[in-house]
**Student:** 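Below is a structure I'd like to ask you about.
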2 protein chains.
Amino acid sequence: MYSFTEENYLKTILKLHLGGTQVISTNVLAESMQTKASSVTDMIKKLAGKKLLKYEPYRGCILTNLGKSVAVSTLRKHRLWETFLVNTLSFSWDEVHEIAEQLEHIQSDKLIRQLDAFLGFPKHDPHGDPIPQLDGKIAASPFFTLDQTKPQNQLVVCGVLNHTPDFLKYLSKYGIEIGSKLSILQINAFDRSIDLLLNEKQQLNLSNEVVKNILVQFTHQVA
Amino acid sequence: MYSFTEENYLKTILKLHLGGTQVISTNVLAESMQTKASSVTDMIKKLAGKKLLKYEPYRGCILTNLGKSVAVSTLRKHRLWETFLVNTLSFSWDEVHEIAEQLEHIQSDKLIRQLDAFLGFPKHDPHGDPIPQLDGKIAASPFFTLDQTKPQNQLVVCGVLNHTPDFLKYLSKYGIEIGSKLSILQINAFDRSIDLLLNEKQQLNLSNEVVKNILVQFTHQVA
DNA sequence: GGTCATTTTTAGACAAGTCTAAATATTTTT
DNA sequence: AAAAATATTTAGACTTGTCTAAAAATGACC
């Protein structure tokens, strides 16, 4: 129905919308897509022609409901495939993004329905991001970032905001993964780093840069 | 590494080779690829330039070892994905070809290794075709077509030669599937149709056209 | 409100893969 | 072995998505 490239543009615009931007400028989109502004202008015109987004020259673009539904569906496929790769094929969370970028474009509604059922209708992907449901609804994340915590909080790691392999490998090195238990010992005001106890045995200090990118929730809640 | 289109050409040429043709002519390839001869000439030149096949103008082409290894790898991916769709995601054997045509182009060696392991290193896909192994070896099929049988033979259905949804649905209608047991009652000389007993209870007559496209082996052997 | 810097669009070109129509080889027929 | 039929290749054009370089619009500053 839509090409790989069209789906990638729509997905990127959706992510920028979800990140809080109403109107997406050509340059911002070019940056996100790792391409040139002139290429973006061409593609935006094409997508506007297909009623997938609204475009005002020199102003930027906004997804239409149609465009949003295509983008959400692509995001749903991406996150389901990531879940499959980690849960079923034993990949680690830093290896799956590239492969899911390819798999998300496979065309078959039944394939995705069956995959969803096989995985047990998961609510979150391996990075803790919510998986859009069939009706297009994207649950608000019940998680918050570790830099919003207080001393003595008992937390569980639920996801990350930075998905780069470098960051994910850094966490793996310290044994931090989805489900890891964190007890906050102290928040250091001068550099906003956090001292904590990992899984009730290992004491660690994490920099603010790391802490900002870790999603957590309180221990008593259930994912 | 290679584009979807390049992989599809190589895979199609390999299938024609496996069907017994040494040198593949432009028109035959155009027919198989559902495209025009002029397009085939262009692509063949390109593939020859990449050392994937040998091409003599007006004569035809033959895969090189390099081209063969790419084609076999694509065929391996195709058949592993078909197995996954049927065994894991509950698809029926007439629904999987189209989806596997897309999935076979996903680029990740690790993905295929993990998928193979998850499926338990299957030897045959859901149509009974051998799955090429990692080293590139394609097992000769131990199966023969049902029209080569004799009365009183006890057989098991192992695959089909015709993969069209129409044919597969026809078989499904009579309850014939991989593993079905067939007892040959009589071979009718005038139309070469066969009377047989399906799964020890249902008597059937199958036309020669159908019988030619069903792969079987003797009951005592193990797939 | 005019000048300057920035952002965005346009114009023209390129690569991949396809097509039609015309030209050229090859094979078959006589 | 020449004529006719068939197979194959070439030439030129089209589509999708990209790029560079130049032109135009926008916004900021004084």
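Lettering follows sequence order; numbering is per chain, from 1. Worth saying up front: this structure is predicted, and the values here are computed from it rather than measured.
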**Student:** Check whether any side-chain N or O of B/S39 sits under 4.0 Å from OP1 or OP2 of C/dC19, and answer yes or no.
**Tutor:** yes
**Student:** Does B/H17 have any ring pair (Phe, Tyr, Trp, His ring centres under 6.0 Å) partners at least two apart in sequence or in another chain, and if so, which?
**Tutor:** none
**Student:** Ring pair (Phe, Tyr, Trp, His ring centres under 6.0 Å): which pairs involve residues 58-90 of chain B, sequence neighbours left out?
**Tutor:** A/F84-B/F84, B/H78-B/H97, B/W81-B/F84
**Student:** Applying side-chain contact (heavy atoms from CB on, under 4.5 Å), can you list everything that pairs with A/R113, at least two apart in sequence or on another chain?
**Tutor:** A/D109, A/K110, A/L134
**Student:** Excluding sequence neighbours, so at least two apart, what forms side chain to side chain donor-acceptor pair (under 3.5 Å) with B/K50?
**Tutor:** B/E6
**Student:** Could you tell me the separation between the CZ atom of A/F4 and the CD1 atom of A/I106, rounded to the nearest 0.5 Å?
**Tutor:** 6.0 Å
**Student:** Measure the distance from NZ on B/K36 to P on D/dA7 and round it to the nearest whole Å.
**Tutor:** 14 Å
**Student:** Among residues at least two apart in sequence or on other chains, which ones pass ring pair (Phe, Tyr, Trp, His ring centres under 6.0 Å) with A/F118?
**Tutor:** none
**Student:** Give a yes/no on whether any side-chain N or O of A/S25 is located under 4.0 angstrom from OP1 or OP2 of C/dT8.
**Tutor:** yes
**Student:** Please enumerate all residues that pass ring pair (Phe, Tyr, Trp, His ring centres under 6.0 Å) together with A/Y174, with sequence neighbours excluded.
**Tutor:** A/Y170
**Student:** Output one letter per nucleotide in nucleotides 9-14 of chain C: B when a protein non-hydrogen atom lies under 4.0 Å from the base, S when only the sugar-phosphate is that close, - when neither is.
**Tutor:** BB----
**Student:** Show me the donor-acceptor pairs, under 3.5 Å and distance only, between side chains in residues 29-45 of chain B and residues at least two apart or in other chains.
**Tutor:**
| from | atom 1 | to | atom 2 | distance (Å) |
| --- | --- | --- | --- | --- |
| B/S32 | OG | B/V28 | O | 3.2 |
| B/T41 | OG1 | B/A37 | O | 3.1 |

**Student:** To the nearest Å, give me how far apart CG (B/N27) and P (C/dT26) are.
**Tutor:** 15 Å
**Student:** Counting only heavy atoms and a strict 4.0 angstrom limit, can you tell me which residues of residues 3-22 of chain B come near DNA chain C?
**Tutor:** B/S3, B/T5, B/Y9
